[in-house]
Amino acid sequence: MTEAPPTARDIAYEVLTDRRRDVFAQDRLDGYFQRREVRDDDRRLATEIVYGIIRRQATLDAILRACSSRSRFKTEAELWTLLRIGVYQMAMLDTIPPHAAVHETIEVVKRRKKDRWIGFANAVLRKATVLVTDMAADEPGRDTFPLAGGGFRRCAEPVFPDPAKDPVGYFCDAFSFPRWMSERWMKRFGRDDLHEIGRYFDHAVPPSLRVNSLKGSREALLEEFQAAGVACRAGAHPLSIRLARPMVIDRLPGFAEGRFTVQDETAMSAADTLAPQPGQRILDLCAAPGTKTTHLAELMRNEGELVATDLSDNRVRRIERGCRRLSLTIVNAIAILESGEGIPPGEFDGVLVDAPCTNSGVLGKRPEARWRLKPSDATVLSEIQRKLLARALERTRSGGRVLYSTCSIEPEENEQVVQAVLSGRDEWRLESSRLFLPGRPSDGGFQALLVRDA
Ligand SMILES: C[S@@+](CC[C@H](N)C(=O)[O-])C[C@H]1O[C@@H](n2cnc3c(N)ncnc32)[C@H](O)[C@@H]1O
């Protein structure tokens with residue numbers, strides 16, 4: 001007899017109870033999908049449940065605390081994960097009726113022969129079906145939590161800290177963020193902006209694509225997508241196409257022919273701002289996997305020299321693969337040492353420093369990141385960022401330009417790095433800088449353009 005294919009809840013349970021702490025959810029899911037035959041619908045739902053539970057675990061735990069006679073710490077970790085899977089479906093997904101969420105979750109228990117969990121899991125999940133209502137609310141409150149698509153959902157009784165008396169506590173639980181980050185950002189952004197940022201980070205934003213301008217216009221690709229039934233629209237950037245929902249990218253028309261690259265619109269503006277010209281010599285210092293390298297090469301119309309460096313052969317090969325697909329031949333991808341040894345000699349007309357950072361502006365895309373980050377990370381990374389930016393300035397000719405960019409919204413990694421490196425370098429000036437707040441309209445980050453006197 002052939003084994004029944006796993007359901008989305010089975011997959012979510014396996015992936016979320018995988019004990020390898022150093023393997024990201026994305027890699028666990030990919031590994032699972034390679035090992036087992038999974039229907040497209042289950043694949044999509046499993047991915048949504050896994051990412052959603054990692055993001056919203058504090059919200060789910062607040063709801064579970066109100067439904068469970070046992071605390072999380074007195075409950076087996078796998079059983080608590082299973083309860084999160086059940087409550088996630090009721091609280092965050094509109095498409096699954098509560099009784100189906102309970103039934104499907106209990107089926108996972110039965111298939112794992114964990115019969116001793118059934119009574120407790122049933123009791124907790126049934127309570128949750130009563131606590132989590134389907135009523136919408138407009139305001140934060142002790143009995144409301146935000147939904148990723150907008151608005152709030154109401155609980156039958158208070159579950160969260162009072163947002164008026166304890167705005168940080170409410171943000172931690174209802175939006176699901178660590179306390180140190182919530183305190184820091186509440187001081188910096190205030191309640192309304194922070195709620196907007198939290199909501200943006202709490203859902204999966206469908207990807208946008210950057211059209212390869214060397215292989216046709218955005219309008220032509222939009223027409224082909226529409227003819228193929230790909231739900232999408234023109235984005236805010238002149239080369240971007242926004243997909244309506246997450247899709248398998250390498251199955252889209254034009255992928256193999258190198259007609260586009262997945263890239264967020266904020267990231268698209270980095271190469272635009274550096275504005276490299278055809279025929280110039282440009283350095284992309286922190287280049288892998290090469291999303292901005294390929295944009296630079298497209299803006300140079302594949303004429304000139306583009307040196308793209310990163311720290312390992314593996315990462316360099318990823319840049320090369322991208323260039324091959326997009327038919328870009330001016331990129332010389334090179335593995336260098338952390339000290340910078342290995343960068344080819346000579347000066348550059350322009351340098352892009354897309355520095356390693358905390359990624360605090362892209363937490364929605366990296367579901368684990370909010371729980372892994374530590375308060376000291378931005379300061380530790382800023383040391384590396386200063387060295388990289390200083391290296392870029394040293395290799396730029398008179399009259400040349402440097403674009404410093406991060407996916408972070410922390411001043412230590414952004415303005416403060418630029419100020420520190422510019423100090424005492426009188427031949428350099430800060431031409432422009434911009435902080436991108438997450439969700440306005442896309443990823444968060446920072447970009448600063450530095451110009452050297454001619
Ligand atoms: C934010 S990612 C770059 C993303 C890339 N620019 C893109 O758009 O696809 C930062 C990169 O910096 C690299 N890196 C870290 N330290 C470096 C160093 N000392 N020299 C060069 N690259 C470095 C990392 O390996 C990582 O690939």
Side-chain angles (χ1 to χ4, degrees), residues 24 207-210 212 237 239-240 249 260-274 276 282-300 306-326 328 331-344 348 350-363 365-366 369 373 377-378 380-396 402-410 413-414 417 421 436 442-448:
F24 287 111
S208 42
L209 311 177
R210 184 192 78 233
N212 180 354
H237 184 280
L239 288 176
S240 97
I249 298 295
F260 60 83
T261 300
V262 174
Q263 189 177 39
D264 180 82
E265 289 175 355
T266 298
M268 289 181 204
S269 62
D272 282 348
T273 308
L274 185 62
I282 301 291
L283 172 64
D284 184 355
L285 191 53
C286 304
T291 320
K292 296 190 183 74
T293 310
T294 52
H295 191 195
L296 291 168
E298 287 160 18
L299 290 172
M300 294 165 75
L306 177 48
V307 175
T309 58
D310 208 290
L311 292 182
S312 73
D313 289 331
N314 255 343
R315 297 189 69 70
V316 161
R317 275 195 288 276
R318 288 189 68 183
I319 306 172
E320 289 170 342
R321 268 202 301 278
C323 291
R324 266 197 302 279
R325 186 178 65 84
L326 295 157
L328 299 166
V331 177
N332 181 12
I334 303 173
I336 59 167
L337 299 182
E338 256 177 64
S339 61
E341 198 182 320
I343 302 174
F348 293 87
V351 183
L352 172 63
V353 187
D354 191 28
C357 68
T358 55
N359 291 309
S360 72
V362 292
L363 295 184
K365 286 200 175 131
R366 296 162 199 259
L373 276 179
D377 286 347
V380 172
L381 279 158
S382 71
E383 290 298 315
I384 300 167
Q385 291 156 348
R386 284 175 200 206
K387 283 190 190 140
L388 288 166
L389 181 54
R391 188 167 301 148
L393 300 194
E394 280 152 23
R395 301 301 301 270
T396 307
V402 168
L403 195 277
Y404 175 75
S405 82
T406 70
C407 312
S408 163
I409 52 173
E410 311 312 313
E413 300 181 85
N414 295 334
V417 168
V421 175
F436 296 81
S442 40
D443 279 350
F446 175 81
Q447 291 165 15

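As the structure lists them, so they are numbered: ligands from 1, and atoms in each ligand from 1. Quick caveat, the model's predicted, so the values are computed rather than measured. Each residue takes its place number in the sequence, starting with 1.
Per-residue contacts place Leu388 under 4.0 angstrom from the following atoms of ligand 1 (heavy atoms of the residue considered): 18 (C), 19 (N), 20 (N).
For the residue pair Ser208/Asp264, the side-chain donor-acceptor check at 3.5 Å is not satisfied. Side-chain atoms of Thr358 and Glu410 form no donor-acceptor pair, as typed in the model, at a separation below 3.5 Å.
Contact annotation: for Ser312 versus ligand 1, there are no heavy atoms closer than 4.0 Å. With a 4.0 Å cut-off on non-hydrogen atoms, Arg315 touches ligand 1 through its side chain and not its backbone.
Summary of contacts: the protein heavy atom closest to atom 12 (O) of ligand 1 is Cys286 CB, 3.2 Å. For atom 19 (N) of ligand 1, the nearest non-hydrogen atom of the protein is Glu338 O, 3.4 Å. Of the protein's non-hydrogen atoms, the one nearest atom 6 (N) of ligand 1 is Asp354 OD2, 2.7 Å.
Nearest residue to atom 15 (C) of ligand 1 from Pro356, Ala335, Ser405 is Pro356 (criterion: closest heavy atom). Distances from atom 16 (N) of ligand 1 to the heavy atoms of Leu311, Asp310, Leu285, Asp284 put Leu311 nearest.
Side chain of Arg210 to backbone of Thr291: a donor-acceptor contact under 3.5 angstrom is found. Between the side chain of Arg325 and the main chain of Phe260, a donor-acceptor pair closer than 3.5 Å is present. Thr266 places a side-chain N or O within donor-acceptor distance of the main-chain N or O of Asp443, the cut-off being under 3.5 Å. Distance alone, capped at 3.5 Å, is enough to place a donor-acceptor pair between the Ser312 side chain and the Arg315 backbone.
Considering backbone and side-chain atoms alike, Gly290 places an N or O below 3.5 Å from some N or O of ligand 1.
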Anything under 3.5 Å between a donor and an acceptor, one on a side chain of residues 337-344, the other on a protein residue two or more places apart or in another chain? List them.
residue	atom	partner	partner atom	Å
Ser339	OG	Glu341	N	3.3

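Look at Ala355 and you'll find a heavy atom under 4.0 Å from some atom of ligand 1.
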